[in-house]
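So the structure is just underneath, and the comments pick up after that.
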Amino acid sequence: MPAFIQDHALLISITLLLLDLLLWRAIPLEQRNWRTASRVLAFLLFSAVLISAGISPLQPPPWPDDVARNLVATVLEIVWWLFAARTLTVVLGLVLISRSGHTGRLLQDVLGAVIFLVAIVAAAAYVMQLPVKGLLATSGVMAIVIGLALQSTLSDVFSGIVLNTTRPYQLDDWISIDGTEGKVIDIDWRATRLLTGNGSMAVIPNSVAAKAKLLNFSRPDDVHGVSISVVVPASVRPRKVLDALEKTLQGSSALLTNPAPKATIKTASLESVEYEASGFVASMGQKTSVRNQMFDLAHRHLVAAGVIWNPDSDLRPWSRQRSLLEDVRIFRALSSEEKDSLSQRMIAVEYPADQVILGVDEASAHVLVIGTGVISASVRDGERLLEAGRMGPGEVLGVEGLLDGDASSAEFRSLTSCLLYRIDKAEVRSCLEQRDEVKAALSKLQRFRQENSQSLLLQKPATIKKGGFLNWLQRKA
């Protein structure tokens with residue numbers, strides 16, 4: 001057998017190299033362990049063939065008089081060093097990826113380049129007996145020249161190594177680098193690529209990312225901040241604005257109770273005061289819808305508190321009741337004169353916090369329009385109540401029985417002190433008889449609430465539109 005290997009070393013070595021390439025291509029990428037094992041086995045067999053043939057990669061070929069045999073042995077020794085470098089790179093890649101995931105790819109590439117450089121120098125020294133010291137001196141000078149020419153690129157490479165080692169962000173994290181916000185879709189040896197909110201790709205050099213102010217919105221993964229800012233004239237009392245913003249935060253059930261949401265004064269000047277309402281949500285995907293909802297709720301609660309944004313633009317000095325009718329969806333089809341008449345018969349009723357306004361299976365003699373405050377709507381699930389949504393100024397309750405004679409299927413409880421306006425159901429029925437649009441809007445409202453209640457009880461999410469079931473807070477009945 002040794003004699004056969006010596007006579008056919010080149011043929012056996014080429015066969016092993018081709019077999020290695022075929023196995024590397026044939027084994028799926030997902031079976032990374034098997035691919036690495038096949039390459040290691042091929043390298044060991046290749047090494048065994050060389051040793052059996054009397055060839056050592058650490059020495060020049062021992063047949064200087066046999067030119068053909070000496071040339072074949074030299075080629076095989078050089079191939080051994082390159083094969084060893086490739087095998088070691090694959091093994092290191094498997095270890096790095098298993099421990100660091102995608103972030104280990106950059107380090108693998110850099111280490112692979114170093115390993116191949118060492119293999120080339122070793123082959124030149126051991127196999128070809130070249131003066132390595134002179135080669136290293138020459139390569140050192142070349143490295144300095146190349147380093148100066150590629151200074152920015154090398155800065156990106158080493159910054160990428162730092163980023164992959166410290167891991168301030170990973171794939172699929174939502175981050176902001178110096179104001180550029182987006183989702184991380186790739187981290188390579190040169191740059192970090194972000195998919196921005198408008199669908200474009202931002203390429204941030206690693207050297208810039210390493211020195212920039214970085215915000216990672218995906219850490220921790222179960223708490224994500226969301227905030228809004230409103231600017232109010234300085235003449236408005238701050239307590240009135242803060243109360244309205246606190247009701248805004250209470251009006252969104254998507255906000256986590258821990259950490260607790262808060263409303264604060266951000267900046268102030270002689271002309272205006274900027275306020276901020278902030279809280280936290282459990283999912284990154286909720287941020288946009290909840291933020292939009294908070295803006296809508298803030299506007300409604302501030303108007304309900306009597307905050308006038310631009311006194312010069314208000315040409316219609318309406319009462320609070322009359323203003324509410326403009327926001328109530330089921331009454332929008334009424335003429336201005338009909339709304340004026342209806343608003344004069346609306347009776348104000350105050351409710352303290354944590355009081356049941358309308359219980360399950362109760363029938364109300366009035367339609368109630370929320371003037372101020374936050375009301376929680378809950379549906380019965382066996383012996384317990386599940387919160388289905390929260391309601392704010394401009395929304396109505398007690399509409400059950402106008403079309404089908406049914407009682408209330410939900411419990412409506414005040415979360416804050418509330419001011420509601422009563423409208424006798426006889427007045428609403430008169431509107432239903434005179435206006436088909438009012439009947440259609442009322443039917444749509446009841447159908448929407450029934451579908452969402454059933455979805456909640458079945459634990460199936462309703463169709464999400466501007467926050468899913470929390471859209472109840474944005475739909476002005």
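Each residue takes its place number in the sequence, starting with 1. Here the structure is a predicted model, which means the values were calculated and not measured.
Side-chain N or O atoms of Lys444 include none that pairs as donor or acceptor with a backbone N or O of Ile330 at under 3.5 Å. Panel note: side chain Ser269, backbone Ser272; a donor-acceptor pair is recorded below 3.5 Å. For Glu326 (side chain) and Ser323 (main-chain N/O), no donor-acceptor pair under 3.5 Å exists by modelled atom type.
Looking at residues two or more places apart in sequence or on another chain, you find no salt bridge (Lys or Arg N to Asp or Glu O under 4.0 Å) involving Asp424. Listed by chain and number, the residues in a side-chain contact (heavy atoms from CB on, under 4.5 Å) with Ser229 are Lys266, Glu274, Glu276 (sequence neighbours excluded).
Other residues, nucleotides and ligands contribute over 12 non-hydrogen atoms within 6.0 Å of the CD atom of Gln31. Taking a 6.0 Å sphere around NZ of Lys183, one finds it holds 12 or fewer heavy atoms contributed by other residues, nucleotides or ligands.
The side-chain hydrogen bond (donor to acceptor under 3.5 Å, both in side chains) pairs that include a residue from residues 233-243 are Arg239-Asp243, Arg239-Glu246, where partners are two or more places apart or lie in different chains.
Results of the side chain to side chain contact (heavy atoms under 4.5 Å, CB included) test with Val428 over Val396, Val399, Val367 single out Val367 as the only residue that passes. Exactly one of Arg322, Gln321, Gln344 qualifies for a side chain to side chain contact (heavy atoms under 4.5 Å, CB included) with Lys339. That residue is Arg322. Of the candidates Val208, Ile187, Val203, Ile187 is the only one forming a side chain to side chain contact (heavy atoms under 4.5 Å, CB included) with Thr192.
Ser378 and Glu411 are not linked by any side-chain donor-acceptor pair at a separation below 3.5 angstrom, with hydrogens and angles left out of the test. Counting only N and O atoms by type, the side chains of Gln355 and Ser414 include no donor and acceptor under 3.5 Å apart. A donor atom on one side chain and an acceptor atom on the other are found under 3.5 Å apart for Ser335 and Glu338.
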